[in-house]
Amino acid sequence: MSDASDETHIDEAVETASTSQGGTATVEPESRDSEVERAAASTPRTVPLSVDNLRKTFGGITAVDGVSFTVESGTVTGLIGPNGAGKSTTFNLIAGALEPNSGTVTFNGEDITGRRPDEIANKGMVRTFQIARELPEMTVLENLMLAPKHQLGEDLWRSVVPGARSTVVEQEAELRERVWEMLEFFEIDHIAEQEAGTLSGGQRKLLEMARALMTDPDLLLLDEPMAGVNPTLEEKILDRIHDLRVNEGLTFLLVEHDMDVIMENCEHVIVMHQGKVLAEGEPEAIKNNDQVIDAYLGEDI
Amino acid sequence: MSDTNSDAGADGPLGGLFDGLSRRSSDLLLVFGALFAIYALFTIFVFGQGINSVVSTLRFLTFLILVYGMLALALNLHWGYTGLFNIGVAGFMAVGVYTMAMLSGDPAGSPPGLGLPVPIGIIGGMVAAALVGLVAALPALRLKADYLAIVTLGLSEIIRLTYNSEAFNQWIQGATSTITSRVGFLPDGGAGTGAGSGIQVPSPAGPVRTLFFEGGRAGNPTPLGDAVFAVTDPIGIQQNVVVEWAYVLVLAVVLLGFYWLLSRIGNSPFGRVLKSIREDELVASSLGKHVEIFKVKVFMLGCALMGLAGILWQGSFGFVSPNDFMPVVTFYIFVAVIIGGSGSNTGSIIGSILFVGLLFEGPRRALGALGNRVDFGRAPNSFGDAVAPILSGDITPFFAYAVANRSALVFVLLGTVLIIIIQTRPDGALGGRNEPAAAVDLSTRPEKQPTTATDGGENQ
Amino acid sequence: MGVTESRRLDRHTIREQAPLILVGVFGALLLVDLLFRLAGVEIALTANRSFGGSLSAQRFGGMLWNGIVIGLIIGLAGIGLSMTYSILSFANFSHGDLLTSGAFAGWAASYVVAGFGVVSVGELLFVRAGGGAPFADEIGASIVQAPLSILVGMVVAAGVTILLALAIDRIVYKPMRGRGGISLLIASIGVALALRYIIQFMFGASNRGVVDTTDVRVDIAGLSVNLHEVTLVVAAVALMLGMHFMLQRTKLGKAMRAMADNQDLALVTGIPTERIVQATWVIGGGLAGVAGYLVVLDRGTIGFNLGWFLLLLIFAAVILGGIGSIYGAIAGGLLIGITYSVSLVWIPSDFNEAAAFALMILVLLLRPEGIFSGVSTA
Amino acid sequence: TGNGNGNGNGNGDGNGDDSGNGNGNGGAGREVSLGVLMPITGDLGSLGGTIRDGALLVRDQLEDAGVDYDINIVEGDTQTDPTAGVSEANSMVNAGVPAVVGPAASNVNFQVVENVFIPNGVVGMSPSSTAPGVTDLDDDGYIFRTCPSDALQGQVMGEVARDRLEAETAATLFLNDDYGQALEAEFVSAFEEDGGTVLNQVSFEPEQPSYSPQLGDALDEDPDTLMVVGFPQSGIQLFRDYYSDYDTGVDIIVPDGLRDSDLPGEVGNDMENVIGTAPLSDGPGSDFFNESYEEAYDRSPGVFNGQAYDAAAVLILANIAAGDNDGTAIRDEIRNVANPDGEVVGPEDLPEAIEMVENGEEINYQGASSSVDFDDNGDMIAVAYEIFQFLDGGIETLDTLDFEAE
Amino acid sequence: MATEQAAEERDADSLNTDTELLEVRNLDAGYGDLQILTAVDLDVTAGEYVTIVGPNGAGKSTVMKSVFGLTTYMGGSVVFNDEKIHGFKPDEIIHKGIGYVPQNDNVFGTLTVRENLEMGAYILDEVPEDRIELQFDRFPVLRERQNQKAGTMSGGQRQMVAMARALMLDPDLLLLDEPSAGLAPDLVQEMFDRIDRINNDGTAILMVEQNAKEALRRCDRGYVLAQGENRYMDTGRALLDNEDVRQQFLGG
Ligand SMILES: Nc1ncnc2c1ncn2[C@@H]1O[C@H](COP(=O)(O)OP(=O)(O)OP(=O)(O)O)[C@@H](O)[C@H]1O
Ligand SMILES: Nc1ncnc2c1ncn2[C@@H]1O[C@H](COP(=O)(O)OP(=O)(O)OP(=O)(O)O)[C@@H](O)[C@H]1O
Ligand SMILES: [Mg+2]
Ligand SMILES: [Mg+2]
C-alpha cells in the first residue's frame, strides 16, 4: 500500500517516544530522587486506571457486559470495537456520567465507581465527548477559562465580597495567561473571542481537547477525537498527544475507528465486542487476531 | 456577538467595578435614555392635569419599573444565567411577603403576627423564600427544562392555595402559638396567614413615611417633612406624593444593590460555571464542577431576592392577599427579562422599563387619556349594540364602547405588542448581548508575540 | 442529553425504590382508609385523629363520577396541547383560550339554532352578553329541548376554533418557525392575553348561565343521570377513540410522530411539514374547541376566562402523562380530575386543586418524564 | 359588606350637638372633589357598576339643578381586589381627593382604609362594606358607612333559619374573604345560641370551575338548612351545581350579597327553596330616589344603590359645610349635616340643602336608604332588614325588620 | 477488485456522457446573512458517481443542503433535469427525483424501521409495498428488524435505514453526506460496496466523504472544495494522484 512509508515513519516516532517515556517512568528516575519518587519508580509502570467487571444495561440491552482492563501510566491505550460495542458507554461509566449496574472502576488506587463526574474530574481523570460538546453561547475564551479546577472565584462569597474578590481577580489574570498559551498551542487563538457555537467541526474538536487539558488532568479519555476531522488536522492532534505524553507524562485512553491511527499510535489496544472485551494486546497482534478481524476489521484492510 | 468590553486596562485594585468603562457608560446612557423616553411619553398622557398628576404618575411608573427590575434581575440569575426555567416566581415572592408579615405583624391584628422588628421580618422573609427554594430545588433540579417549569408553576400555585386556605391558617396559628407560648419574648397568639382575607404587612415604606410625618400619619409633619413640604407645597405637589417618591428612591438604591451583586456574580468564575450549566450540564460536571451545588445555591439566592423584591413591592401596600400572587405575575416578569434580552443584567433593567412603560402601563394610560379627552357619550351595553350602528355608518357608539371597555383592550394591546416584540427582536432590546463571565477582561492578551503558525503551517 | 437523562434515571433506580415504596405504602393506606370509610368503620388513633370514618357509597360514587367528567374534559383538551407541544416543540399557553373561543363560538351557534325566533339574532350571537334576560331556559339550549342545537354547537365550536388556530399560526407562529421553544412560548402568552381579552371585549366580562337544565336529569335503570354529562362523556370518548384510530392507522398520524421525533429530518424526507403543522392545529384546535364547548355544557355557565383557569390543570395532565403521548394526556387528565374530586375524602376543599398539582409533582419525581414517556403513541 | 362581631352600634344619643361652627363656607363656585371607588370589574363587577351609578346620580342631579359648585367626581375601579383597590385609592389621594364613596367589598375596604384613607386623613364612606370589623377600626373618625353591620345580619339570618325555617341543623358555605368569614361567624353564633347545631362549615373561592366538591362537603351530613354567603358571579355556578347534583329538598338561606333578581334566571331554576335577608333601603327619600334612578339608568336600583346615593350626598354636603377639600374638616362636618337637630332635608331637595349649608344653617339629611344618622363609630344608628324569597323567577319581600340601636 | 474495475470503466463512460442530471452554476449560498459558498460549480450526469472532499468547514455539507433547498439561496443556479430547482422546498425537490441522506441524526428513532421507510414514500398516495420489499432485498437485515424502533439500532444499521428511506422513491440522484463517518472498518467497506451497487442500479450519487482516499478510489469524478469555493475537479483517480491535492487535503 502506498501509505507504507508513512506507517513506518510514525511507528518509529512512537517507538522512540515510548522508550523515552518508559525510561522516565520505570528505569531511571533521572535527577528526581525523593523517597516517594523512588518508591514509585520501583513498581514497574503504575496503573492509574483499572476497570473490573463493569456491567451496564439499558432496559433490555446490555451495553457493557463484564468489561475488565487496565491502563498503564504514560501510555496511549486504544479502545476499539464495532459500532455499538459499548466503548462510549464504558467511557461514560468510567467518567461517572453513567452508573454501572455492577463492577468497579479504580483510579489511582481509589474506588471511584458511581462517583459523580465532577468528583472524578477533580481527581484528575477528564474525558472528551464523541460528539464535541462545546458550550455554544460562550466564547472560546470562556470555554477554556471554565476548565481549571478549584478556582477561588467558584465560591460565591469570594466572587462578591469586596476584599476577597481581589484574590479572585488575581487568579483570573493568571488563568488568562494559561488560557492564551493553550489557545496558541492549539492554534485557535485567532478565534478566541468567537462564540464556540460558530466553530467548524475540527475547531470544536480542538477546543474540546484544549479545554480538557486546561483541567491539568493525569489521564485523558478521548472518544473518537479524529472522527470527521480532515486528515491534515488529524496529524497535528496526534503530534500534540505524543508531546503531552512524553513531556508531561499524561496517560491517554483513546477510542478510534481509524485503524491506521490506532496501529500507529497505541502501545496497547483493547478490543470490545458486544459489550465484552474480545481481545487485548500489542497493535500488531490485534491486527492479526482472527476474532478481531471477524468481528471488527473485516478482511480488507 | 462579541460586543465584549472594548476598553482594556481595568484589572487594577478596583477591577470588576470599572472594567469596560465605556460599556458601562453606554449602558447607563441606554437605561436613562429609555427611562426618560418613557417619562416623556407619560407626561404627555397626563399633560394638562397639573404638576401633581405628572409627578405622581411618574412616581408610580418608576416604582413599578424598580420592582420589576429587581424581579427581572433575580429571574435573570435563574434563567438567563443558569438556564433554570423557574416560572414560580410569584410563589417565592408570596413566601417572602407572608413570612415577613407573620414575623413582624401586629400581635393584636387579625390574623396576629409575632411583632418582631421589620428588618428581622425582611430577613426572615428572604430566608424563608430561600428555604422553600431549597426544598423545591432538591428534587426539581433533576428535571428537564419544561418539566421544571411546570413543577415550579405548580408549586407556586400550591403556595398560593396554601396561604389562601382557612385550614392552613388555623393550623399555622395553632402550631406557631404552641411554640411562641414557650418563648418568653414572643406573643402567645402565634401567627396566622389570614387565609382568603389576606394579611396586613408592616409596610417597609412605613419607616420612610415616619421620616416625614410623626407616627406616619398625615397632618403632623416632622421637621424634615416641614422642610421638604415647604418646597413642594407651593408647587402644588401633594405631600403624599413626596413621601412616596422618597420610598421610590430607597427602592432605587436597593435595585442598584441587586445590580451590583448580580453583575459581580456574572463577572466571576462562579457566574461562568452558571453559564456553562445553562449551556451543557454534563460538560460542566465533566470539567469538575459540582453542578447540583451550584444550582441549589443559585436557586436559593434567586429565591431570596425574589422574596425581598416581593416584600418591597407588594408589602409596601401594607396588605397582601393570595390573589396578588397569581401566575400571571410571573409571566410579566418573564416578559420583562425577555424583551430586555435574557442573560444580560442591563437588559433586565431595560426590559423592565420597556415592559412597564410600553406594555403594562402605557396602553392603559393611553386609552385612559383618550377617554378623558374625547367624549363619546354613553357607551352601549354590549358589543352587539356597539357594532350594529356601524352598519349604518355611526361609529361613535363603538368608540364609546371601546373606551368604556378599555381595561380589556389594554390586555389585547399588551398581548399584541408582546407578539410583535418577540417576532421582531427575539434576542431582546439589546440584541442578544453576551456579557462575558470573568472577573478580568479576557481579551487582554499576555505580552507575547502573536503566534503565527509555528509548526504545521496554517490550520486547515 | 440522552446520556444525562438516562444517567439520572439510572443512578436513582436503586434510591428510587425507597420513595416508590413509601408512595406505594401511602397509597395503600389511603385505599384501606377509603374502604373503611365506605364500610363505615372508624378506628380512633389519637384524640382527634382517626382512621376510616364514614362515607356513603353514593357520595363517593358522585365524587368519582365528577372526577371522571372533569378528567375527560381535561384529557380531551390535553390531547391537543400535548400534540402541539411535541410536534411544534413549545408549550402553548394560549391553549386554554382556544377552549374559551370554542365555547363562545359553539354556544353562539347553539343559541342561534335553539333560540331562533325567540329573541333577536344579535342577542343570541353574543350569548347573553351584558347579562339580563332572556335566560337560558327561555332559549332552551339543552340536549332535551334542542338536541340539534347542541350538535351544531359542537361542530361550530370545533370549526371556529380550527380556523382561529390556523389563523393564529399563520400570523404569529409561522414567521417564527424554527425559533426556540421559549420564543414561541412567550409569543403564545401574548396570544393568550390578546385572545382572552378580545373575547371579553366582545362577549363581556360577566360569568353567566347559558345552558338550559330543565329536565336533563333523568332516571335510567334506577340511576339518576344528567344527560348533559352523558353527552359529554359520549362525545369525549368518541373523539378520543377517533384520535386513536386516526393516529395509529393513517399516514398522517405516522407523519406527526415523525415530525415530533425530528423536524429537520421530516423536512428532508419529503414530509410536507407545513401541512403537518396545519393538521396539528386542526386537530389540536378542534379538540380544544369541543372541550371548551363541553365544559360549558357540563358547568352550565360561560365566562371569558374559563379556559385560562383550566389551563394549569391541563398542563399538569399533559406533563403527568408525558409530553407527546395522547394516552398520557387522557390518563393524566383522568388522574388529575379524579384527584381533584376524590381527594376531598381526606382534605378540605380549599386544597383539592393543590392536591392535583402535588400529585403531578410527586409523579414527576418518580418518573421525571411522565407516566407514558417513551411509550410511543402519537 | 360585612361587619360582624361587636354589636357596636350602641349609643343613639344625638351627637349632633355642637354644630355651630358657622364657618364662612368659602366661595361658592369652587371645586368640590369626591372619589367614587367601586369594583367595576372582578367578582363584584356586576354589583359595583350599579352602586357607582347611585353615587353619580347625586352629581348629575346637582348639575342639572345648576348648583354653584363644580362637583368633580374621581372614579376608580378596585377590580374587587384589595391590592388593586389600595393602588387606585392611592392615586385618588395623590390627586387630592378628600373623601371617597367606597370601597364596596369589606376585604377591599379594610385594606384601603387602613393603608390609604386613615394615614392620609381621607374620609371613607362605604355604602356596602357590612363587615362587623369596620365598626372597631382605629380610624381617628375618618371611616363611615351607610349600610348596617353584618353583626346584625348574622343574627337576623340565624333567627330566620331557626324560627322561620325551623331548622335544627345547618351547614355553611361561605366565600373565603372578610365578608364571608365574618358573616358566617355571626350566623353560626346566632344559630347555635338559639339552640341549633351547625354541621359542616365550608369556605369557597370565587370563580371556580365547579363547586360540586364544596357542596358535597357542606351537605355531607344532611343539614336542615344551608347558609350560603357569596356574590352572584360565583353564586350562579354554585347554585347551578347545586341544582344539578341535588334535589331541591334543603332550605337555603342567603344574605344581601346574593340578592340579585337575575339569579334564578342565570341559574335556570326558580330557586324557591332559597330565602334571604338584606338591609332594606327604605329611607324617607327612597321613592324619589327610585324614580330618579330608573329615569336616569333605565333600570330599577339594586342592593346598596341607595346607600351609595346617600353617602355621596352626605359627603358633598359636608364638603360644602367644611368649605374646603380637606378630609379632616369634612369628617368634622358629617354629623352636622346628617344627624338630627336641624332642618330635615332629603334627596328631593338637595340643591336647597346646599344653599342652607352654605348659609351656615343646621340640616339633617334623611336619605334614600335610611334616615342616615351616624353613631360614634361612623355606623348607622337605625337600620331595617328585609326577608326575601326567590319566587317566580323574581324576588319577593316576605317581611321587614327594623333595628334601632338601643 | 471488481468494483475498481467497474469504476474505471465508468470513468471512461462518464467523461463523455452529455445527459446532465444536476448542474450547479455559480452558486452562492449560506445561512441567514452568512455566506458560505461562493460561485460553486458542480455537475452530475445521469448514473454518475461523484464525490466531494475538502477540509472541515469547507462547505461540503452546505453544497448538499443547497441542492436540497435547505440553505439561504444567494445567487447562481441549480438545475436538475433541465429545471431550475433553487428556491424550491425540500418536498418539491423530492418530487423531482432527488434523495438526501443527511450527515447525522438521519433516522426517526421512535418509529419502526418499516415506518421509517413508509415516511420515505410519504408523497405517494399509497404505501408502495413493492418498493419496501425492494429495499429489504437490498438490505436484508432491515427485513429481519422491520418492526424494531430505529433508535435502538446500531450506527451501521441506522445508516442503512437512512439510505433505504432515501431510496424509497427511486431517485435519479442520491445525496449522501459522510455515509461512513463513525462506522467500524468492516462496515465502512460494506457501506461503500452498497453504494456501488445502488449506483450500478442506475442511481447517480453525489457524496461527501472524509474518508477521502476510499471515496475517490471508488467514484467516477471528484471535487475538492475549500473555503466555500471549488479548488479541483477531476476523475477520482487523477485527484488521488495529484500531488498538490494529496499534500493539502489528503494528509500526505
Ligand atoms: N442511553 C442509552 N439508552 C439505551 N441504549 C443505549 C444508550 N446508550 C447506549 N446505548 C446502547 O448501548 C450500546 C453500546 O453503545 P455505545 O455508544 O457504547 O457504543 P460504541 O461502542 O461507542 O459505538 P460507536 O462506535 O458507534 O460510538 C448500543 O447498542 C447502544 O444502542
Ligand atoms: N446552520 C448554520 N448556521 C451558520 N453557519 C453554519 C451553519 N452550518 C454550517 N455553518 C458554517 O458553514 C461553514 C461550512 O459548513 P459545512 O457544514 O458545509 O462544512 P463541511 O465542509 O461539511 O465540514 P465538515 O467536514 O466538518 O462536515 C462552516 O464554517 C460552518 O461553521
Ligand atoms: Mg461511541
Ligand atoms: Mg459536513
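Every chain is numbered from 1, with letters handed out A, B, ... down the list of sequences.
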Result of checking Asn305(D), Val303(D), Asp256(D) against Leu47(D) for side chain to side chain contact (heavy atoms under 4.5 Å, CB included): Val303(D)
Answer key: most heavy-atom pairs under 4.5 Å with chain C among Ser261(D), Ser234(D), Ser212(D), Pro232(D) is Ser212(D)
Who pairs with Tyr297(D) by ring-ring contact (aromatic ring centres under 6.0 Å, His included), at least two apart in sequence or on another chain? Tyr293(D)
Chain D contact via Val210(C) - which portion, at a heavy-atom distance below 4.5 Å: backbone
Could you tell me whether the side chains of Thr78(D) and Glu88(D) share a donor-acceptor contact shorter than 3.5 Å? no
So, using ring-ring contact (aromatic ring centres under 6.0 Å, His included) as the criterion, who are the partners of Tyr246(D) when residues are at least two apart? Tyr242(D)
Counting a contact as any heavy-atom pair under 4.5 Å apart, which residues of residues 291-307 of chain C contact chain D? Arg299(C), Gly300(C), Thr301(C), Asn305(C)
Among the listed options Ile70(C), Asp137(C), Leu344(C), the residue most often paired with chain D at heavy-atom distances under 4.5 Å: Leu344(C)
Check whether the side chains of Gln111(D) and Asn107(D) place a donor and an acceptor atom closer than 3.5 Å, and report yes or no. no
Residue set satisfying side-chain hydrogen bond (donor to acceptor under 3.5 Å, both in side chains) with Glu205(D), at least two apart, ordered chain then number -> Asn164(B), Asn176(D)
Classify the side-chain pair Asn273(D)/Tyr243(D) by whether it contains a donor and acceptor separated by less than 3.5 Å. yes
Do we see a donor-acceptor contact under 3.5 Å between the side chains of Glu272(D) and Gln389(D)? no
Given a strict heavy-atom distance threshold of 4.5 Å, which part of Asn207(C) is in contact with chain D: side chain, backbone, both, or neither? both
